[in-house]
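Nothing fancy with the numbering, it's 1 onward along the sequence. Quick caveat, the model's predicted, so the values are computed rather than measured.
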Amino acid sequence: MLFEPRSGRLAAWGNALLAGLVSPDEAAMSIVGEDAVHRVEGLPGESGPVGLTLALGRLRALGVSGLRVALPAAGHPLGLSGPPEFNARALEAEEAVVAVGAAVGLVPEVAEAGPAGDVHVSVTWHCLPVREAPPADVPSLGEAERELAEALREATVLLTRLDVAGSGPVADAALSAYRARAEAGREALAPGYPPRAVRVLALAQRVDLMVSLAYESGHGGAVAASEMAARTEALRPVERVARRALVAAYNSAVEARELD
């Protein structure tokens with residue numbers, strides 16, 4: 001629901017810090033968000049886990065000039081460039097951050113503790129070697145925006161036809177949460193991102209929400225096994241477009257600086 005990967009927050013606010021647009025404490029607080037704590041393990045020069053503020057400073061000292069997001073899925077290594085060991089960890093987590101200017105990447109490990117309604121989330125970012133090469137299958141912002149507009153039309157038609165167009169209390173609650181967070185500006189990127197990136201991110205999150213509702217609403221009108229399989233096959237390319245657009249939006253600050 002309202003897909004906001006932790007790798008996106010880390011890259012967006014890390015890029016704002018590297019550009020000198022926010023303070024280290026502001027960046028760290030924004031990255032942690034509603035989680036309890038984030039730590040970084042395996043940083044070169046550090047013998048154990050360290051806090052985000054220190055970790056971001058260490059990355060800058062290593063020569064990191066930007067951070068890119070990877071959102072890989074089975075058969076789609078989106079944003080990755082290797083080696084296989086890093087790709088495997090990123091695929092397991094379904095997300096990662098890849099540094100620009102130093103051959104390191106970060107993969108989150110999420111742990112939850114506490115009773116329902118009072119769950120504390122801690123995140124350990126594992127710093128690992130990466131291959132310095134162009135990331136896989138990342139579109140430009142313009143390409144992502146065009147793909148999203150078409151995907152949104154296709155998803156609306158598809159979900160209506162399959163009777164999972166977003167009806168019922170669960171869907172209503174999800175849509176209400178989306179609107180509330182949108183009005184509060186929660187989906188906006190960090191300082192330094194172009195307005196087009198903010199627009200693409202919001203649209204990608206909207207498409208992702210629709211796909212999530214479809215997957216979580218049971219079989220809807222697709223009562224036959226063949227119809228359920230057909231729905232999954234139809235939704236997969238829409239989901240891929242949304243993930244590609246998310247990566248394009250989060251990575252746009254780095255891409256813009258490289259063009260200057």
Side-chain angles (χ1 to χ4, degrees), residues 1-18 21-41 43 49-57 59 67-72 79 89-90 92-97 105-127 169-193 197-198 200-213 215-216 242-243 245-247 249-251 253:
M1 302 297 181
L2 189 57
F3 189 26
E4 186 184 29
R6 289 180 173 86
S7 56
R9 293 205 306 267
L10 175 58
W13 288 95
N15 284 329
L17 174 63
L18 292 169
L21 300 174
V22 298
S23 70
D25 287 342
E26 183 181 358
M29 288 178 59
S30 298
I31 292 166
V32 171
E34 297 177 359
D35 297 334
V37 64
H38 283 218
R39 308 279 285 174
V40 181
E41 186 174 70
L43 271 172
V50 299
L52 270 179
T53 303
L54 177 58
L56 291 169
L59 289 172
L67 298 170
R68 288 192 173 104
V69 170
L71 297 177
R89 291 286 292 270
E92 182 179 1
E94 298 183 337
E95 60 176 311
V97 172
L106 300 160
V107 179
E109 180 182 356
V110 180
E112 297 183 351
D118 189 27
V119 175
H120 292 263
V121 178
S122 61
V123 179
T124 300
W125 293 91
H126 297 278
C127 186
V170 174
D172 289 343
L175 290 169
S176 295
Y178 175 88
R179 294 188 185 100
R181 294 183 68 169
E183 290 171 1
R186 285 293 305 278
E187 83 282 13
L189 288 163
Y193 278 83
V198 177
V200 168
L201 179 66
L203 185 56
Q205 289 173 328
R206 182 179 172 191
V207 172
D208 180 75
L209 174 63
M210 295 177 68
V211 172
S212 296
L213 288 174
Y215 281 133
E216 294 174 11
R243 286 191 299 108
L246 285 166
V247 171
Y250 284 120
N251 293 1

Student: Between H120 and E112, is there a side-chain donor-acceptor contact under 3.5 Å, judged purely by atom types and distance?
Tutor: no
Student: Under 3.5 Å, is there a donor-acceptor pair between the side chain of R39 and the main chain of T124?
Tutor: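 Judged by distance alone, no pair lies under 3.5 Å.
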Student: For A27, which residues count as a side-chain contact (heavy atoms from CB on, under 4.5 Å) partner, sequence neighbours excluded?
Tutor: W13, L17, V22, L56
Student: Using a 3.5 Å distance criterion without hydrogens, assess whether the side chain of N15 forms a donor-acceptor pair with backbone atoms of A11.
Tutor: yes
Student: Can you tell if the side chain of Y250 reaches within under 4.5 Å of the side chain of P5, non-hydrogen atoms only?
Tutor: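 Touching, per the 4.5 Å side-chain cut-off.
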Student: Which residues pass the side-chain contact (heavy atoms from CB on, under 4.5 Å) test with D35, not counting sequence neighbours?
Tutor: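 Per chain and number, D35 pairs via side-chain contact (heavy atoms from CB on, under 4.5 Å) with R6, R9, V32, H38, V121, V123.
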Student: Looking only at heavy atoms, which two atoms of A55 and V50 are closest? And how far apart?
Tutor: CB-CG2, 3.9 Å
Student: So, R243 side chain and L71 main chain: donor-acceptor pair closer than 3.5 Å or not?
Tutor: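 Such a contact is found between R243 side chain and L71 backbone.
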Student: Report yes if some heavy atom in the side chain of V107 is under 4.5 Å from a heavy atom in the side chain of W125; otherwise report no.
Tutor: no
Student: Donor-acceptor pair, E95 side chain versus S7 backbone, under 3.5 Å?
Tutor: yes
Student: Take atom CD in E94; do more than 12 heavy atoms of anything else shown fall under 6.0 Å from it?
Tutor: no
Student: Between L106 and V40, is the side chain to side chain contact (heavy atoms under 4.5 Å, CB included) condition met? List the steps.
Tutor: CA-CA 8 Å; L106 300 160; V40 181; 3.9 Å; yes
